[in-house]
Amino acid sequence: MLDKVYTSRPVEDKWSASWRAADLFHCDPVPTTDAHSESRQGAGKPFVMVIPPPNVTGALHVGHALDNTLQDIFARYQRLLGRPVCWIPGTDHGGIATQSVMEKQLKAEKLTRQMLGREKFLARMQVWTKQCKTTILGQLERLGCALDWRREAFTMDADRADAVHEAFKVLWEKDLVYRGERMVNWCVRCGTALSDIEVEFEERKGHLWHIHYPAADGSRGPVVATTRPETMLGDTAVAVNPKDPRYQGLIGKSLRLPLAGREILVVGDEYVDSEFGTGALKVTPAHDLNDFEIGQRHKLASVAVISPDGHMTAAAGAGYEGLSREAARDKVVEDLKVAGFLEKVADYPHSVGVCYRCNQPIEPMLSWQWFVRMEELAKPASVALDSGRFRLYPDSWTKPYREWLSKLKDWCISRQIWWGHRIPVWYCVKCHGERIRTDFHQIAGARGVLSVEAPESCPVCGGIEFVQDPDVLDTWFSSALWPFSVFRWPGRTPELKFFYPTSLLVTGYEILYLWVARMQMMGLALTGEVPFPESLIHGIVRDKNGKKMSKSLGNVVDPLVMMDKYGTDAFRFSLVIQAHPGKDIPFAESSITGSRNFANKLWNSTRFVLMNLPQTKTYSLAALDRRRLELCDRWILAEYQAALSQVRQKLDAYDPAAAADALYGFLWDKFCDWYVELAKIRLQGKDEPAQETARAVLVEVLGGTLRMLHPFMPFITEELHAALKPFSGVKAAFVVEAGPPELPGDWSDVEACREMDTVMAVVTALRSLRAQLNVPPGLKIDVVSAGGSADVRELLAKRADYLTALAHLRDIRHSREGTRPAHSATAVAASMSFYVPLEGVIDLAQECGRLRREIGKAEADLAKLAIKMENKDFLARAPQAEVELARRQYDAARARMDLLQETLRMLS
RNA sequence: GGGUCGUUAGCUCAGCGGUAGAGCAUUCGCCUUACACGCGAAGGGUCGUAGGUUCAAAUCCUACACGACCCACCA
């Protein structure tokens with residue numbers, strides 16, 4: 001017999017081991033002659049997902065738990081439906097993020113990666129990665145994920161390296177990848193260039209410094225306004241709008257740059273906004289994108305005063321060289337103030353671009369980098385979207401996604417770090433000179449040879465000495481190939497044939513552009529197909545105050561702790577039920593309690609059913625004589641059928657939260673609160689055939705509900721389903737192999753639902769009366785009913801057993817004359833009066849008060865309906881069915897009102 | 001500067017054209033032999049504001065306010 005309270009851990013461990021031992025989630029491709037034959041259609045069509053590979057930076061967080069729970073729901077659901085399902089596990093090497101983690105570890109040992117050297121550093125990374133993968137994959141298994149463990153992939157293993165090299169080669173051959181000199185986003189902390197989307201903008205407090213730039217002859221010159229005074233040391237011009245009347249005479253004049261003493265020119269450029277600041281803009285071509293462009297237009301010199309490591313260069317001048325950016329800013333401001341050039345300082349909050357990995361301000365920097373041309377790649381992705389070959393769920397993401405694709409700039413893919421796929425390009429030392437070894441990023445127009453290994457000889461000069469490009473590729477470059485690299489593309493593998501394109505991609509909106517869009521583009525460019533036709537984009541898990549979880553805020557929730565404390569199923573369920581399409585999830589620990597209670601409810605309802613199955617035998621609804629079913633059976637089966645269809649409909653529409661809610665409501669509010677209570681009447685009775693009928697329905701409905709719930713709560717449902725197996729007759733070893741719950745034929749039953757509504761309304765009214773009049777819970781009461789329509793009277797007479805059991809009655813009888821017994825309280829429901837004689841229990845004043853409150857509510861109710869019924873336009877224009885419904889509602893409310901008032905009149 | 005989404009019970013959120021819902025919290029009563037991680041009952045909302053469409057609006061439209069997020073090279 002099961003325990004009173006569900007203990008999750010042993011159950012989870014048991015089934016995790018069983019699933020693994022059975023290799024349950026492995027899926028083999030079905031060999032076909034043609035990649036797109038019928039095997040990909042109909043029932044045999046595989047359902048395929050690739051996991052968004054977590055970075056090997058540590059352990060999983062709640063966001064991963066949500067993402068993978070959602071995927072697991074679809075994987076298990078599709079398996080339950082009988083489709084071959086392949087869900088690929090894996091991890092991402094995570095480029096900068098992972099390298100940063102290692103660098104922190106090194107720092108603790110007072111080491112740097114440079115001290116170790118590239119080779120040793122990478123060796124350490126490999127060790128770390130191995131550990132981390134074990135942790136992450138273990139956590140995914142703990143979460144219950146139905147992943148095909150034999151197909152685990154890593155974005156930097158040999159197969160994925162092949163894919164990366166092939167992709168680079170194809171892009172190279174199509175001239176879609178190139179090396180060029182650009183202003184790039186440089187992170188001085190990470191020591192690398194970043195792509196545009198890896199820069200995040202943050203509103204930060206700052207100042208607008210107004211600095212006087214005197215004319216070269218010493219007379220008064222313009223005042224410029226800047227948020228970055230330290231860059232003035234690299235200024236090579238001041239720009240004004242040529243149409244600005246204030247500065248008409250100034251263009252072409254020479255100014256003396258304060259502190260530096262250099263002479264710089266005033267140029268006229270349309271870019272300058274006369275309205276902003278003073279209308280005069282200091283121009284630092286080396287450290288600002290716009291200034292760079294102005295510099296290009298006016299052929300200005302470029303003076304780099306900040307080095308790639310964020311310190312001032314020699315060009316900044318003797319007093320500044322070696323200072324950090326921040327220190328240099330303070331000193332420049334101080335020096336300007338002392339020298340009398342600082343005219344004004346204003347508080348000025350403005351947005352600052354920061355590194356998405358380390359939050360340090362980005363330094364725009366001119367350098368030679370590798371880029372992917374995006375225009376050609378974006379076009380097919382847009383077409384796929386517009387033609388419906390790719391859809392986003394919820395649809396609200398479609399527009400932002402489309403807009404993003406339409407204004408893409410080239411993607412900087414080279415990173416000056418060590419952890420990643422090395423760029424497969426080599427340079428001839430003879431052609432480029434020794435400088436290629438040290439000043440790689442400053443060498444213009446270097447011509448490389450595309451090759452994974454060192455080339456034999458230079459095609460230009462025949463030289464045999466080469467250096468490989470020192471950079472690695474953006475981690476997102478390999479991620480973009482993931483949906484096909486996991487199947488060992490470019491190899492023409494059976495897996496690729498059978499599983500690709502995949503079916504669905506589930507991920508959070510924070511990587512829609514970084515990842516989803518790039519997979520679409522790369523998939524189309526390299527395989528000619530959309531890598532997945534549908535993508536479910538969910539929200540992110542926040543803390544209970546709606547704040548993003550972060551280590552620095554200390555509001556991070558550890559999924560393992562939650563799973564230990566409340567059970568994995570409860571944890572999963574609490575995430576899913578809040579994962580409404582397009583919404584973020586405010587995560588509070590208290591919300592898991594509800595799901596934990598639900599798991600316990602499941603546990604106990606199964607316990608109850610098992611307790612009432614005295615002999616081991618198989619129950620089957622199909623074998624049951626349908627005429628033996630009574631009202632509550634017909635009702636619960638109809639409700640069950642509706643719930644199953646609702647759940648499937650919601651899952652098919654990628655709304656698992658609504659599906660979970662439907663299951664929760666059905667199981668708890670309908671099955672447990674009403675059906676089980678009513679089934680007890682027969683179970684505890686003496687009529688054996690009736691007992692058997694109730695048992696059959698209990699087994700059918702509970703068993704099926706457990707199966708439908710399995711994708712959401714895999715462990716407990718597996719356990720309970722197994723316990724029920726001797727009675728449900730299910731042969732399959734595991735729920736996912738048992739097929740979806742399906743009723744034989746149609747079990748909808750409008751009549752039963754209407755009758756049960758009546759019964760429930762009467763029971764509720766009687767319970768309410770008892771509670772309000774403080775009738776002792778142990779006291780069985782007598783009830784006399786009066787009035788009502790013939791069919792309702794007949795129904796209540798027939799199902800007096802229901803009323804007696806649920807409202808705790810001693811007896812209920814109908815009075816033809818409608819006489820109210822003395823000292824009785826009155827409940828009104830179903831257009832009838834229910835008199836409850838309560839001599840000695842009832843207090844007349846109390847009952848009058850109660851009736852007045854009821855009348856008050858009934859009045860408000862009736863008033864609303866009356867407005868509708870008195871509205872001629874409504875009667876004339878609303879649909880007939882609507883009018884009839886309103887009339888019925890009005891009549892019922894009217895009847896209720898009359899009965900209550902009549903009762904009150906009699907009492908007073 | 002554009003764009004998206006939100007504003008519903010004390011809290012967190014469903015509902016998205018026909019008398020306002022859930023969970024949690026609150027109050028009252030119950031250890032009723034499945035479950036106190038439970039059962040029954042109750043209180044609590046002019047559905048952000050102002051207009052409009054409609055017989056009918058929390059639900060559709062238009063403004064506005066507030067909030068969040070995304071995008072954008074404004075010193």
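Lettering of chains follows the sequences in order, A, B, ..., and the numbering in each one begins at 1.
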Taking NZ, NE, NH1 and NH2 as the nitrogens, is one of them in [X] or [Y] under 4.0 Å from a carboxylate oxygen of the other?
| X | Y | answer |
| --- | --- | --- |
| Arg850(A) | Glu847(A) | yes |
| Glu589(A) | Lys565(A) | yes |
| Asp347(A) | Lys205(A) | no |

(request) Answer whether the closest heavy-atom distance between the side chains of His808(A) and Ile781(A) falls below 4.5 Å. (result)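 A side-chain contact under 4.5 Å is absent here.
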Only counting residues at least two apart or in another chain, list the ones meeting side chain to side chain contact (heavy atoms under 4.5 Å, CB included) with [X].
| X | value |
| --- | --- |
| Arg228(A) | Thr226(A), Glu230(A), Thr231(A), Ile306(A), Arg325(A), Arg329(A), Glu363(A), Pro364(A) |
| Thr804(A) | Leu809(A), Ile812(A) |
| Arg297(A) | Asp269(A), Tyr271(A), Glu293(A), Ile294(A) |

Rounded to whole angstroms, how far apart are [atom1] on [X] and [atom2] on [N]?
| X | N | atom1 | atom2 | result |
| --- | --- | --- | --- | --- |
| Phe573(A) | G23(B) | CZ | C1' | 11 Å |
| Asp273(A) | C73(B) | CG | C1' | 13 Å |
| Ile211(A) | A75(B) | CD1 | C1' | 11 Å |
| Gln684(A) | U33(B) | CD | P | 10 Å |
| Lys780(A) | C30(B) | NZ | P | 19 Å |
| Met869(A) | A56(B) | CE | P | 16 Å |
| Ile867(A) | U19(B) | CD1 | C1' | 10 Å |
| Ile577(A) | C24(B) | CD1 | P | 11 Å |

So what does [X] touch, heavy atoms closer than 4.0 Å: a base, only the sugar-phosphate, or nothing?
| X | value |
| --- | --- |
| Phe587(A) | nothing |
| Tyr271(A) | base |
| Lys857(A) | sugar-phosphate |
| Glu677(A) | base |
| Val609(A) | nothing |
| Val676(A) | base |

(message) Taking the nucleotide of RNA chain B with the nearest heavy atom to each, does Lys4(A) or Ala860(A) sit closer to the 5' end?
(response)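 Its nearest nucleotide being more 5', the pick is Ala860(A).
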(request) Could you say whether Lys407(A) or His350(A) is positioned toward the 5' end of RNA chain B, judged by the nucleotide with the nearest heavy atom to each? (result)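 Upstream on the strand: Lys407(A).
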Any protein N or O atoms within reach of nucleotides 38-40 of chain B? Criterion: under 3.5 Å, listing atom names and distances.
| from | atom 1 | to | atom 2 | distance (Å) |
| --- | --- | --- | --- | --- |
| G38(B) | OP1 | Asn597(A) | ND2 | 3.1 |
| G38(B) | O3' | Lys601(A) | NZ | 3.1 |
| C39(B) | OP1 | Lys601(A) | NZ | 2.7 |
| C39(B) | OP1 | Trp668(A) | NE1 | 2.7 |

Residue list, ring-ring contact (aromatic ring centres under 6.0 Å, His included) with [X], at least two apart or on another chain:
| X | value |
| --- | --- |
| Phe712(A) | none |
| Phe715(A) | Trp19(A) |
| His350(A) | Tyr348(A) |

(request) Quick one: list whatever passes salt bridge (Lys or Arg N to Asp or Glu O under 4.0 Å) with Lys243(A), sequence neighbours left out. (result)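 Salt bridge (Lys or Arg N to Asp or Glu O under 4.0 Å) check on Lys243(A) returns Glu270(A).
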(request) May I ask you to check if Lys680(A) and Phe608(A) form a cation-pi contact, with NZ or CZ under 6.0 angstrom from the six-membered ring centre and within 45° of the axis? (result)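 Ring-cation test returns yes.
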(message) Heavy atoms from C-beta onward define the side chain here; which of C30(B), C71(B), A34(B) lies closest to that of Asn604(A)?
(response)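 Out of C30(B), C71(B), A34(B), the nucleotide with an atom closest to Asn604(A)'s side chain is A34(B).
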(request) Check every atom of C35(B), C69(B), A41(B) against the side chain of Arg607(A) and return the nucleotide holding the closest atom. (result)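 Looking only at side-chain atoms, Arg607(A) lies closest to C35(B).
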(message) Quick check on A20(B): is either OP1 or OP2 less than 4.0 Å from any side-chain nitrogen or oxygen of Lys864(A)?
(response)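 Lys864(A) to A20(B) OP1/OP2: side-chain N or O found under 4.0 Å.
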(message) If you compare every side-chain N and O of Lys282(A) against the phosphate oxygens of A75(B) (OP1, OP2), does one of them come in below 4.0 Å?
(response)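 Answer is no, no contact under 4.0 Å.
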(message) Test of understanding: with side chain to side chain donor-acceptor pair (under 3.5 Å), list the residues that count as partners of Arg896(A), not counting sequence neighbours.
(response)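 Side chain to side chain donor-acceptor pair (under 3.5 Å) list for Arg896(A), sorted by chain: Glu854(A).
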(request) Could you pull out the closest heavy-atom pair between Val224(A) and Leu281(A), with the gap in Å? (result)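 Here Val224(A) and Leu281(A) meet closest at CG1-C, 4.2 Å.
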If the [atom1] atom of [N] is compared with that of [M], how far apart are they to the nearest Å?
| N | M | atom1 | result |
| --- | --- | --- | --- |
| A20(B) | G45(B) | P | 14 Å |
| U4(B) | G21(B) | P | 33 Å |
| U27(B) | U32(B) | P | 22 Å |
| A9(B) | C61(B) | C1' | 28 Å |
| A72(B) | G3(B) | C1' | 10 Å |
| A75(B) | C69(B) | C1' | 26 Å |
| C70(B) | C28(B) | P | 46 Å |
| G44(B) | C35(B) | P | 34 Å |

(message) Give the dot-bracket line for RNA chain B from 5' end to 3' end: parentheses for intra-strand Watson-Crick or G-U pairs under 3.5 Å, square brackets for crossings, | for inter-strand pairing, dots for unpaired.
(response) ((((((((.[[[[.)..(..]]]].(((((.......))))).....[[[[[..)....]]]]])))))))....
(request) Indicate, yes or no, whether a donor-acceptor pair under 3.5 Å links the base of C37(B) to the side chain of Arg596(A). (result)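 Between C37(B) and Arg596(A), which were checked side chain against base, a qualifying N/O pair under 3.5 Å is present.
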(request) Could you check whether the rings of Phe671(A) and Tyr675(A) sit parallel, tilted or perpendicular, using 30° and 60° as the cut-offs? (result)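 Aromatic pair Phe671(A)/Tyr675(A) classed parallel.
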(request) Kindly state which residues belonging to residues 225-242 of chain A come within less than 4.0 angstrom of RNA chain B, counting heavy atoms of the residue only, listed by number. (result)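 Within residues 225-242 of chain A, the residues near RNA chain B are Ala225(A), Thr226(A), Thr227(A).
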(request) Summarise how protein sits on nucleotides 3-18 of chain B as a single string, 5' to 3': B when a protein heavy atom is under 4.0 Å from the base, S for sugar-phosphate-only contact, - for no contact. (result) SS-S-----SSS---B
(message) Rounded to the nearest 0.5 Å, what separates atom OH in Tyr509(A) from atom CD1 in Ile540(A)?
(response)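 The OH atom of Tyr509(A) sits 3.5 Å away from the CD1 atom of Ile540(A).
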(request) Look at the side chain of Asp291(A) and the backbone N and O of Thr284(A), then say whether any donor-acceptor pair between them is shorter than 3.5 Å. (result)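 At least one qualifying donor-acceptor pair exists.
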